[in-house]
Number of protein chains: 2
Amino acid sequence: MKAKSGASLAAMPRYVQLATTLLNEIQAGKFPVGSLLPTEHVLCQQFGVSRFTVREAIKLLVQQGLVNRQPGVGTRVQANAPTGQYTQTMSGLTDLQQYAVETSLEITRHHIVEIDANLAKGLCASPGETWLEIEGLRYAPGQPLPFAWTRVHIAPRFRALKGLQSRMDQPLYVLIEQQFGCKIQVVHQEIKAVTLSNELARQLKVPPKSAGIWLQRRYMDTHDELVEQAINIHAADRFTYRESFRRDFVTLPGTLSSGKF
Amino acid sequence: MKAKSGASLAAMPRYVQLATTLLNEIQAGKFPVGSLLPTEHVLCQQFGVSRFTVREAIKLLVQQGLVNRQPGVGTRVQANAPTGQYTQTMSGLTDLQQYAVETSLEITRHHIVEIDANLAKGLCASPGETWLEIEGLRYAPGQPLPFAWTRVHIAPRFRALKGLQSRMDQPLYVLIEQQFGCKIQVVHQEIKAVTLSNELARQLKVPPKSAGIWLQRRYMDTHDELVEQAINIHAADRFTYRESFRRDFVTLPGTLSSGKF
DNA sequence: GAGTGGTCTAGACCACGAA
DNA sequence: TCGTGGTCTAGACCACTCG
């Protein structure tokens, strides 16, 4: 029904073309970050396609973190570039679980702490707030030596968390989700190498000055507010972080003239 | 049309129920790994739902890595547990790109090598095969000091790779994909901490015995065969690995009686 | 040529959020 | 109450694989 301009893009499914068009319009500033995209109904009329096609297109944008959707509200622009500033090509599953599954956390200490200026920065919190702080060691099953030291901070609104035991076999964030009905939507992770402090080397029972992996996870809820931050420090020889990425979704062409459609 | 058994699951969308049912049947051994699931058409009839519902259900299974699909062939069971053996909850985008984008690789050496027994193990190759080996240093833009040392091995069938320059601004796998028309479908990644060797510390210009990040990536094609393996070793203070996970798909309930459906 | 999954249409009902 | 996105139906055509 619509004349194809004769690009390689014309061979792609309509919903990819539509997603590309929308991406370009977002990047062109037609739909600024924070604004609402036209509703599905409007897009259907505007582009002369069915709702299915529109939804598939928007699904692509959601997958790339460009927009998010809320029933009863609409489709809100979240970013103007496909996550990570460039052609995002990979997606897939991860062994985020490798932690709490098949390992257990022995809690050595937990108490309410007042956030000082130092901590406040890392937690994006205000000094003076009172957070729940938990420290412990992680063990692999059947291993006598711990493979990681852990310190967790839990936001004030969840500090009344119940169900902490000296030995935890499930992730803390699951406990929080269950008790407070909140949903973890995003987890940010950072990994770097460190030289273990003497104190840590002692606790992990490795030689002083050993290398270690520092791994931080920040759990955010649906309003993008920090729920829990965990820092794990691992003895180098007892921990490898593994993950796999699968290329399973359509990659949108970079910038691209979309013609009429 | 179907009586609800009165579980909390009954409140979930049909396609989640269906996905759960299929998951349970896979785990029960009704559809062994490697076998084909019934076709969409059959599932429609069998469960009295439309193709849309069936496809949404299978989409969930695909997202969890349980099955893969091939047009003209069918839906093949790939695994019998949601990736990582337990409640798989996260999925999302990653900054796999952070490497080659905005950084450049200075190649110091590249040549064809014969694989010895030692290398063969890591590459899942046979001793005697001849692979392309590339070594170099990675620089961040504007930084005089390299932040990583890199060694790459490229499988025999791609060893005729052209286009290697002393300075590479795009990932090697992109070059391979372009020249040989192969598609990278899966990337496996491993990260661990190491103490830098004297030689490496010298090349990266950091003090001896410094901690470093060891990062390996294995790029697999659509036939799950190794195309490229890269090992990157980073000075601890010049590199942080960041990624984010977004929970954007429905989580299937763990094990669960599915009743009749 | 028969059958597969991929794409697409034109409807429909629902829960939920905003006014 | 009205409009949103989420779910769902019952069709359709296509490119592809396989026998």
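In what follows, chains are A, B, ... by sequence order, proteins preceding strands, each numbered from 1.
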Practice problem: State, without any angle test, whether B:Glu177 and B:Tyr219 hold a side-chain donor-acceptor pair at a distance under 3.5 Å. | Solution: no

Quiz prompt | Contacts of type side chain to side chain donor-acceptor pair (under 3.5 Å), residue A:Gln216, not counting sequence neighbours | solution = A:Gln229

Report, one pair per line, the protein and nucleotides 12-15 of chain D atoms (nitrogen or oxygen only) whose separation is under 3.5 Å.
| unit_1 | atom_1 | unit_2 | atom_2 | d |
| --- | --- | --- | --- | --- |
| D:dA12 | N6 | B:Arg51 | NH1 | 2.8 |

Exercise. Report which part of the nucleic acid B:Glu56 touches: base, sugar-phosphate, or nothing (heavy-atom distance under 4.0 Å, all strands).
Key: nothing

Self-check item: Gap between atom CG of A:Leu105 and atom CG of A:Leu172 - 0.5 Å precision
Solution: 6.5 Å

Quiz prompt | Where A:Leu175 and A:Lys162 come nearest, the two heavy atoms and their spacing | solution = CD2-O, 3.6 Å

Quiz item: Which whole-number value in Å describes the distance from A:Leu36 CG to C:dA18 C1'?
Solution: 12 Å

Quiz item: Taking the side chain of A:Ser50 as its heavy atoms from C-beta onward, which of D:dT9, D:dG6, C:dA10 lies nearest to it?
Solution: C:dA10

Quiz item: Starting at CE of A:Met12 and ending at P of C:dC8, how long is that distance when rounded to a whole Å?
Solution: 11 Å

Self-check item: Closest to side chain of B:Pro13, choosing from C:dC8, D:dC8, D:dG5
Solution: D:dC8

Quiz item: Who pairs with B:Glu25 by salt bridge (charged side-chain N to carboxylate O under 4.0 Å, His left out), at least two apart in sequence or on another chain?
Solution: B:Lys30

Practice problem: Find the distance A:Arg76:CZ to D:dT4:P and express it as a whole number of Å. | Solution: 14 Å

Exercise. Report the residues that fulfil ring pair (Phe, Tyr, Trp, His ring centres under 6.0 Å) with B:Phe52, sequence neighbours left out, ordered by chain and then residue number.
Key: none

Quiz item: In whole angstrom, what separates B:His41's NE2 from C:dA2's C1'?
Solution: 12 Å

Quiz item: Can you tell which of D:dG5, C:dG6, D:dT9 lies closest to the side chain of B:Glu40?
Solution: C:dG6

Quiz prompt | Nearest listed nucleotide, side chain of A:Phe52, among D:dC8, C:dC8, D:dT4 | solution = C:dC8

Quiz item: Taking five pairs at each end of the helix from C:dG1-D:dC18 to C:dA18-D:dT1, what angle separates the two helix axes (nearest 10°)?
Solution: 0°

Practice problem: Test B:Ile26 against B:Val67 for side-chain contact (heavy atoms from CB on, under 4.5 Å), laying out the working first. | Solution: CA-CA 10 Å; B:Ile26 288 172; B:Val67 301; 4.3 Å; yes

Quiz prompt | Gap between atoms CG and C1', on A:Asn68 and D:dT4 respectively (whole Å) | solution = 14 Å

Exercise. In whole angstrom, give the distance that lies between atom NZ of A:Lys59 and atom C1' of D:dT7.
Key: 11 Å

Self-check item: Residues in side chain to side chain donor-acceptor pair (under 3.5 Å) contact with A:Ser35, at least two apart in sequence or another chain
Solution: none

Exercise. Kindly say if A:Thr53 contacts the phosphate of C:dT7, meaning a side-chain N or O under 4.0 Å from OP1 or OP2.
Key: no

Quiz item: Is a side-chain N or O of A:Arg14 found less than 3.5 angstrom from the main chain of A:Thr53, in a donor-acceptor match?
Solution: no

Quiz item: Is there a donor-acceptor contact under 3.5 Å from the side chain of A:Gln189 to the main chain of A:Leu215?
Solution: no

Exercise. Could you work out which one of D:dG5, C:dT7, D:dC8 sits closest to the side chain of A:Tyr15?
Key: C:dT7

Practice problem: Using only side-chain N and O atoms of B:Thr75, determine if any of them is under 4.0 Å from OP1 or OP2 of C:dG5. | Solution: yes

Exercise. For C:dT7, take OP1 and OP2 only and decide whether either is under 4.0 Å from a side-chain N or O of A:Arg14.
Key: no

Practice problem: Using whole Å, report how far CD of B:Gln45 lies from P of D:dA10. | Solution: 12 Å

Quiz item: To the nearest Å, how far apart are A:Arg55 CZ and D:dC8 P?
Solution: 11 Å

